[in-house]
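Taking it in order: structure first as structure tokens, then the write-up.
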Amino acid sequence: MKLTDPAQLAAKMVEVDADLDLAGMPSYSHMWATNARLRAELARAESHLQMMTLALSKAKSHLLHVELVARSAASVEQVGRQLARLRQDRDLLEAEWRARFDAGAADGPDA
């Protein structure tokens, strides 16, 4: 059966929803809306997971770099200069990554 007329399609959907309701199941329309909402929530959760993974990676990298600086520096002043440069580099990388993330989030399911 081909339904090309929007009125026929709407009538058939009402019929399917009524049959599902009689069987004690949620309507197809409700399941469709729930599926869309769950997909949007999944996309948000994946984005947050990516941000947390980045934060963890950044912290591990920072600790390793600080340890290397502390072991190789000839003076306390040199440690201070290297740590300041490290902070600047990290801030630039983080700003760049966040800009890419925000641009991607704007194109996501909530856009």
Side-chain angles (χ1 to χ4, degrees):
M1 173 172 154
K2 264 188 164 178
L3 298 176
T4 55
D5 179 32
Q8 282 181 320
L9 184 59
K12 191 63 174 173
M13 285 302 301
V14 169
E15 186 181 323
V16 168
D17 283 348
D19 289 343
L20 288 170
D21 188 40
L22 284 175
M25 296 177 61
S27 69
Y28 180 78
S29 303
H30 177 73
M31 288 188 286
W32 185 265
T34 300
N35 186 31
R37 183 180 47 80
L38 290 172
R39 286 182 185 273
E41 287 177 17
L42 176 62
R44 281 191 295 276
E46 287 172 343
S47 294
H48 285 105
L49 178 60
Q50 288 174 352
M51 289 296 288
M52 288 185 279
T53 300
L54 174 69
L56 180 59
S57 177
K58 180 179 149 186
K60 286 180 178 179
S61 174
H62 188 70
L63 286 173
L64 178 62
H65 199 141
V66 167
E67 184 179 348
L68 291 172
V69 165
R71 288 178 188 245
S72 63
S75 69
V76 173
E77 290 174 0
Q78 184 182 8
V79 169
R81 286 192 306 272
Q82 289 179 332
L83 291 178
R85 188 173 44 226
L86 171 67
R87 279 189 214 105
Q88 289 174 339
D89 292 346
R90 298 269 185 233
D91 289 345
L92 289 173
L93 287 172
E94 184 174 357
E96 183 181 306
W97 198 91
R98 283 188 186 276
R100 275 189 271 137
F101 175 78
D102 291 342
D107 297 334
D110 292 337

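The residues of the chain are indexed from 1 along the displayed sequence.
Listed by first then second residue, pairs satisfying side-chain hydrogen bond (donor to acceptor under 3.5 Å, both in side chains) with a partner in residues 77-95 read K58-E94, S61-R90, E94-R98, not counting sequence neighbours. Evaluation of the ring pair (Phe, Tyr, Trp, His ring centres under 6.0 Å) test over residues 42-90, restricted to residues two or more places apart or in two chains, returns none.
For E15, the side-chain contact (heavy atoms from CB on, under 4.5 Å) test picks out K12, D19, with sequence neighbours left out. Not counting sequence neighbours, W32 has no partner by the ring-ring contact (aromatic ring centres under 6.0 Å, His included) test.
Residue M51 comes nearest to W97 through the heavy atom pair SD-CZ3, 2.7 Å, listed as atom of the first residue, atom of the second, then distance.
Residue M31 holds its CE atom at 5.0 Å from CG of L20, rounded to the nearest 0.5 Å. Atom CG of L56 is separated from atom CE of M52 by 10.5 Å, given to the nearest 0.5 angstrom.
Cluster partners of V66, using a side-chain heavy-atom cutoff of under 4.5 Å among ILVMFWY residues and allowing indirect links, are V69, V79, L83, L86. Side-chain heavy-atom separations under 4.5 angstrom define the hydrophobic clusters, and L22 shares its cluster with no other residue.
Judged by distance alone, with hydrogens and angles left aside, the side-chain atoms of T53 form a donor-acceptor pair with the main-chain N or O of L49 at under 3.5 Å.
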Pair L38, E41 - check side-chain contact (heavy atoms from CB on, under 4.5 Å), show working.
CA-CA 5 Å; L38 290 172; E41 287 177 17; 4.0 Å; yes
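Cluster membership for Y28 and M25, using ILVMFWY side-chain heavy atoms within less than 4.5 angstrom, is shared.
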